[in-house]
> 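Encoded as structure tokens, here's the structure I'll be asking about.
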Amino acid sequence: MAGTRGKTDMMTVSAPAKVNLSLRILGKRPDGYHTLESVMQMLALADTLTISEADALYFTCSNPALESADNLVMRAAQLLQGISPHSLGARMHLEKQIPVQAGLGGGSSDAAAALAALNVLWDIRLPLDKLATLAATLGSDIPFFLNGPCALVCGRGETVYPVVHQTPGHVVLVKPSAGLSTPRVYADLHADLLTESSQTGQLPETMALLQALNSGNIEAVAHTICNDLEASALTLLPELTNLRARMLQAGCLAVILCGSGSTLCGICDSSSRSLTIASMLANDGLWTWAGDWLLPTDNS
Ligand code: C5P
């Protein structure tokens with residue numbers, strides 16, 4: 001959650017998108033999930049959740065297709081409601097900016113924003129670690145969004161180590177009209193696409209990325225980004241290969257798939273370059289966004 005505004009009887013909460021600067025899949029677990037090692041970074045692109053007290057739970061959304069009882073915002077509220085001895089309600093409205101099936105973590109971020117805001121609004125005062133444990137039962141990425149703006153995420157996603165760095169990142173996001181289903185991308189991940197790990201510590205490439213973020217050198221960051229889901233996503237959606245080539249040709253330092261896709265994230269050396277590439281590809285009818293990633297100072 002990037003921040004809350006307002007009195008405690010009416011709150012406006014920002015729910016930022018994320019990009020995985022690295023996503024290494026280390027193996028499949030007996031429960032069907034995968035063990036991963038990922039450096040996740042929040043972006044300035046965000047949904048906005050407005051919450052006020054009410055007699056029961058109500059949920060509306062600027063995108064009517066998402067306005068259902070199984071939306072993660074509603075499920076997060078019900079989960080928190082379930083651990084309180086009191087009868088609690090809230091009116092929740094979500095303004096969507098983050099596209100769906102995009103790999104940008106929008107739904108997970110919305111859920112984290114709801115958990116954090118309702119924990120305050122309902123005066124439940126669950127400590128952050130307990131809230132994160134609860135969040136992990138709803139979705140693997142949600143614990144990260146209770147932390148941030150940057151973190152090393154391990155296990156299924158429930159182990160989150162905040163990473164504090166001050167390297168500014170100018171990015172351009174480009175999403176084809178087709179989305180990608182996360183379970184489908186994981187299902188097509190064959191054993192030879194996994195990253196071998198001795199399980200004795202962080203992978204060398206994760207260490208290199210963390211060092212690059214620490215050094216403030218965006219070119220070093222661009223050279224160390226990686227995503228094990230790319231091969232599977234590019235097979236499912238071949239147009240991503242051409243799109244990535246166009247983004248590199250237009251001047252991105254590096255291009256990476258966001259999570260399980262279908263958004264591509266280009267890292268640029270300036271905000272003017274990311275804006276230029278975004279407007280060029282928007283002319284082709286693609287969804288684009290240009291902006292910066294969040295630094296600790298943006299997250300107060
Ligand atoms: O936890 P969440 O419901 O967000 O995960 C969505 C899908 O992503 C899962 O159904 C699974 O296919 C895949 N996944 C995985 N391993 C993880 C996280 C997600 O296989 N650590």
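This chain uses plain numbering: 1 for the first residue, then up along the sequence. First listed ligand is number 1; within each ligand, the first listed atom is number 1.
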> Looking only at distances, please establish whether an N/O atom of ligand 1 is found under 3.5 Å from an N/O atom of T182.
no

> At under 4.0 Å between heavy atoms, which part of Y33 makes contact with ligand 1: side chain, backbone, both or neither?
both

> Flag R156 as yes when one of its N or O atoms lies below 3.5 Å from any N or O atom of ligand 1, and as no otherwise.
yes

> Among protein heavy atoms, which lies nearest atom 14 (N) of ligand 1, and at what distance?
Y186 CE1, 3.6 Å

> Under 4.0 Å, heavy-atom basis, I'd like to know which part of D141 is in contact with ligand 1: side chain, backbone, both or neither.
neither

> Working to the nearest 0.5 Å, report the span between CG of N227 and CG of L23.
4.5 Å

> So how far is it from N214 CG to T167 OG1, rounded to the nearest 0.5 Å?
7.5 Å

> Among all the protein's non-hydrogen atoms, which is closest to atom 10 (O) of ligand 1, and how far away is it?
P183 CG, 4.0 Å

> For ligand 1, which atoms sit closer than 4.0 Å to a heavy atom of H34?
15 (C), 16 (N), 17 (C), 20 (O), 21 (N)

> Roughly how far, to the nearest 0.5 Å, is CG of L49 from CD of E95?
10.5 Å

> Is the closest side-chain donor-acceptor distance between H93 and T60 under 3.5 Å?
yes

> N/O to N/O below 3.5 Å, does that happen between S140 and ligand 1?
yes

> Give, for atom CG of L104 and atom SG of C265, the distance between the pair rounded to the nearest 0.5 Å.
8.5 Å

> Can we say D31 and R156 salt-bridge, meaning some charged N sits less than 4.0 Å from an Asp/Glu carboxylate O?
no

